[in-house]
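Both backbone and side-chain heavy atoms feed into the values below; hydrogens, waters and symmetry mates do not. Chain letters run A, B, ... following the sequence lines, proteins first, then strands; residues in each count from 1.
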Amino acid sequence: MNSPFTNRIPVCQALAAQGPMDTIHICGWVRTRRDSKGFSFLEINDGSCLANIQAIVDEGTPAYANIEKATTGASVSIHGSLTASPGKGQKWEVRAAEMSVLGEADAETFPLQKKRHSDEFLRTIAHLRPRTNKYGALFRIRSEAAFAVHEYFRENGFFGVHSPILTGSDCEGAGEMFRVTTLNQDGTSKEGHKSSPQELFQHDFFGKECNLTVSGQLEAENLALGLGKVYTFGPTFRAENSNTPRHAAEFWMIEPEMAFATLEDNMQLAEGLTRSVVKRVLERCAPDIDLFNKFVDTDLEKRLTTLVNEPFARVSYTEAVKILQQCGKTFEFPVSFGTDLQTEHERFLAEEHFAKPVIVYDYPKTIKAFYMRLNDDNTTVAAMDVLVPRIGELIGGSQREDRLDVLEARIRELGQDPAHYWWYMDLRRFGSVPHAGFGMGFERLLMMLTGVTNIRDVIPFPRTPGNLEF
RNA sequence: UCCCCGGUAGCUCAGCUGGCAGAGCGGGUGACUGUUAAUCACUAGGUCGGCGGUUCAAUCCCGUCCCGGGGAGCCA
């Protein structure tokens with residue numbers, strides 16, 4: 001059975017037509033209407049690409065009967081022909097024979113106007129912003145970038161794995177977690193059971209505390225030590241009260257994990273993945289990237305091209321500290337071995353000193369997580385961060401500690417009980433192998449790809465402290 | 001969570017030393033034109049973020065709360 005939309009031609013296809021077409025059916029939203037005596041111009045966008053297609057509605061046609069309702073924001077279905085445009089600015093245009101208005105948009109109350117809006121305003125109408133040029137382009141790029149991530153891993157022998165979103169592990173350790181519970185507000189279960197103060201979650205759904213995952217790393221390690229090379233690409237949740245343009249409570253993270261791999265392999269993977277995704281997006285989303293280059297960040301294309309063509313800089317933490325100490329710049333926070341690099345230090349390295357992405361590796365163990373492999377110097381761990389201009393930390397990863405005794409000692413050093421990590425320790429107990437992996441923030445990658453400076457504007461419906469609309 | 005800046009028409013903003021609320025864009029009406037964020041004329045549109053205080057009088061000064069931006073911390 002045919003639907004009324006069976007023959008609909010996406011605008012991107014219509015614009016790329018090789019020749020005129022006697023009949024064509026397009027659907028989309030009216031971006032603007034310009035009326036002339038005897039006919040009107042409509043700019044139609046259907047999201048398939050950045051460009052609009054121009055439709056001509058002549059006074060004599062049946063289509064003209066509905067022209068008053070075809071206001072900015074209205075959705076329309078147009079049957080007509082595709083003809084060469086006599087006007088400047090476009091090759092093809094649609095001469096409308098029939099037009100129906102599928103959904104009207106009251107001109108006085110429709111929030112999107114034929115003008116530029118601020119990102120802050122568009123964020124308050126996140127349900128409508130996909131209909132703007134900028135956010136249409138952004139979400140097309142987001143889709144392409146996600147695809148390119150899967151593509152890169154597939155081409156390089158990685159298996160995609162799905163790590164759990166609900167976790168009972170109290171040792172993910174990457175930050176504050178969101179609790180998930182089916183208990184009533186008074187602490188009783190749906191069946192009316194009341195847990196004891198000692199065991200609050202005894203009668204909760206899982207019989208123990210449950211949280212949303214803050215990382216798929218531990219699970220990915222398990223899969224890697226069986227499948228060899230794996231990656232996860234899923235949502236991640238942090239209940240941190242972070243109020244910055246680079247943090248969200250819900251974000252998407254790419255976490256590869258490789259068995260039989262060292263920090264060096266890890267750094268090569270991080271660089272290869274980043275470069276490959278950027279390259280593909282530049283190739284496949286040229287018009288959308290152009291928009292950002294024109295209106296958001298005029299250095300964008302130049303910087304992305306450099307990123308694709310030049311190797312990332314690499315510097316050990318120790319060298320980085322020396323660079324920072326000797327650069328002659330005065331920082332708010334002085335640098336010395338053992339202190340964490342502050343945002344101002346990271347920005348100096350990526351934006352000024354190297355002026356391109358830089359991988360900092362071999363951090364002091366005192367400022368990094370217990371699962372990172374201890375180096376022979378006994379003071380640093382095989383960790384690495386990829387710092388990129390304007391974004392800061394895009395990737396954080398490490399070679400994992402694969403020696404049972406060392407791992408156990410590190411856990412105790414931090415005052416924790418190794419027993420809680422029993423299944424994680426088992427990986428080191430049975431057929432342990434050197435392995436490595438990292439986490440890449442997908443939204444931060446998109447910020448880098450588009451020049452957009454606020455993470456809230458690269459994810460359709462951002463979740464940040466105090467913000468759960470839509 | 002801390003520091004700084006801001007909140008005035010649908011949007012972007014101006015508003016002097018406390019004294020009757022402004023512009024551009026958008027909307028409406030009309031004109032005109034193969035137009036490209038069309039153009040021209042006319043026109044409507046306001047709880048000056050909320051609450052409290054000072055004052056004869058508050059958009060303006062003070063307190064407080066809410067929201068937004070920038071910076072910091074936490075990190076991806």
Rounded distance (Å) that lies between atom C1' of B:A76 and atom NZ of A:Lys368: 11 Å

Going by modelled atom types, is there a donor-acceptor pair between the base of B:G34 and the side chain of A:Glu93 at under 3.5 Å? yes

Distance criterion of 3.5 Å, no angle test: do you see the side chain of A:Ser242 paired donor-to-acceptor with the base of B:C75? no

Which part of the nucleic acid, if any, lies within contact of A:Pro111, taking any heavy atom under 4.0 Å across all strands shown: a base, the sugar-phosphate backbone alone, or nothing? nothing

Within the structure provided, determine whether A:Thr167 and A:Leu212 are in side-chain contact (heavy-atom separation under 4.5 Å). no

Heavy atom of residues 52-59 of chain A under 4.0 Å from RNA chain B: which residues? A:Gln54, A:Ile56

Heavy atoms under 4.0 Å, any strand shown: does A:Leu445 hit a base, just sugar-phosphate, or nothing? nothing

Please determine, for the side chain of A:Glu43, which listed nucleotide (B:U36, B:G28, B:G26) has the closest atom? B:U36

Gap separating the CG atom of A:Leu166 from the CZ atom of A:Phe178, nearest 0.5 angstrom: 14.0 Å

For B:A76, does OP1 or OP2 lie under 4.0 Å from any side-chain N or O of A:Ser215? no

Nearest to the side chain of A:Met253, which nucleotide is it out of B:A76, B:U36, B:G34? B:A76

Does any N or O donor sit under 3.5 Å from an N or O acceptor when you compare the side chain of A:Glu120 with the base of B:G68? no

Return a table of donor-acceptor pairs under 3.5 angstrom between the side chains of residues 382-399 of chain A and protein atoms on other chains or two or more places apart.
unit_1   : atom_1 : unit_2   : atom_2 : d
A:Asp385 : OD2    : A:Tyr363 : OH     : 3.3
A:Asp385 : OD2    : A:Lys368 : NZ     : 3.3
A:Arg390 : NH1    : A:Asp297 : OD2    : 2.7
A:Ser398 : OG     : A:Arg400 : NH1    : 2.8
A:Gln399 : OE1    : A:Leu263 : N      : 3.1

Has the side chain of A:Arg95 got a donor or acceptor that lies under 3.5 Å from a partner of the other kind on the base of B:G34? yes

Nucleotide B:G71, atom P - distance to NE2 of A:His345 in whole Å: 16 Å

Could you identify the nucleotide paired to B:U12, looking across every strand shown and requiring Watson-Crick or G-U wobble geometry with both distances under 3.5 Å? B:A23

Whole-Å distance, A:Asn45 CG to B:A37 P, equals 14 Å

Expressed as a whole number of angstroms, how long is the span from A:Gln342:CD to B:G73:P? 5 Å

d(CZ, A:Phe237; P, B:C74) in whole Å: 23 Å

Using 4.0 Å as the upper bound for N to carboxylate O, is an ion pair formed by A:Glu151 and A:Arg280? yes

Just N and O in the side chain of A:Asn454: are any of them under 4.0 Å from OP1 or OP2 of B:G70? yes

Using a strict heavy-atom distance below 4.0 Å, which residues from residues 62-82 of chain A are in contact with RNA chain B? none

Under a 3.5 Å limit for both distances, which nucleotide forms a Watson-Crick or G-U wobble pair with B:U59, could you say? none

Among the nucleotides B:U33, B:A72, B:A76, whichever has the atom closest to the side chain of A:Arg238 is B:A76

So, A:Asn133 versus A:Arg31: side-chain donor-acceptor pair below 3.5 Å or not? yes

Can you tell if the side chain of A:Phe370 reaches within under 4.5 Å of the side chain of A:Tyr421, non-hydrogen atoms only? yes

Intermediate values then yes/no, side chain to side chain contact (heavy atoms under 4.5 Å, CB included), A:Val214 and A:Phe237: CA-CA 5 Å; A:Val214 293; A:Phe237 309 88; 5.7 Å; no

Base, sugar-phosphate or nothing for A:Ile254? Non-hydrogen atoms, less than 4.0 Å. nothing

Relative to the 5' end of RNA chain B, which residue comes earlier, A:Gly439 or A:Arg347, by the nucleotide with the nearest heavy atom? A:Arg347

Kindly say whether, by distance alone, the side chain of A:His247 makes a donor-acceptor pair under 3.5 Å with the base of B:C75? yes

Sugar-phosphate only, base, or nothing, as touched by A:Asn243 at under 4.0 Å among non-hydrogen atoms: base

What nucleic acid atoms does A:Phe41 come within less than 4.0 Å of, heavy atoms only: base, sugar-phosphate, or nothing? base

Residue whose closest nucleotide on RNA chain B lies nearer the 5' end, A:Phe442 versus A:Thr343: A:Thr343

Does A:Arg34 pair with A:Glu43 as a salt bridge, N-O distance under 4.0 Å? yes

Would you kindly give the CD-to-C1' distance between A:Glu176 and B:A76, to the nearest whole Å? 16 Å

Is there a donor and acceptor pair, one atom on the side chain of A:Arg116 and one on the base of B:C25, closer than 3.5 Å? no

Between A:Glu319 and A:Ser316, do the side chains contain a donor N or O and an acceptor N or O under 3.5 Å apart? yes

Can you measure from OG (A:Ser85) to NZ (A:Lys91) and round to the nearest 0.5 angstrom? 12.0 Å

Any N/O donor-acceptor pair, A:Lys115 side-chain to B:C11 base, under 3.5 Å: yes

Answer yes or no: does a side-chain N or O of A:Lys37 lie under 4.0 Å from OP1 or OP2 of B:U33? no

Would you indicate what A:Ser85 reaches in the nucleic acid, counting non-hydrogen atoms under 4.0 angstrom: base, sugar-phosphate, or nothing? base

Whole angstrom value for the distance that separates P of B:G10 from CG of A:Leu128: 17 Å

For A:Phe110 and B:G28, what is the distance between atoms CZ and P respectively, to the nearest whole Å? 13 Å

Of the nucleotides B:A76, B:U33, B:C74, which one has an atom closest to the side chain of A:Ser36? B:U33

Tell me whether the OP1 or OP2 atom of B:A38 has a side-chain N or O from A:Arg34 closer than 4.0 Å. yes

Would you say the side chains of A:Glu469 and A:Asn467 form a donor-acceptor pair under 3.5 Å? no

Classify A:Gln90 by what it touches in the nucleic acid, base, sugar-phosphate, or nothing, heavy-atom distance under 4.0 Å. base

Check against side chain to side chain contact (heavy atoms under 4.5 Å, CB included), A:His435 and A:Met258: CA-CA 5 Å; A:His435 63 288; A:Met258 300 177 284; 5.9 Å; no

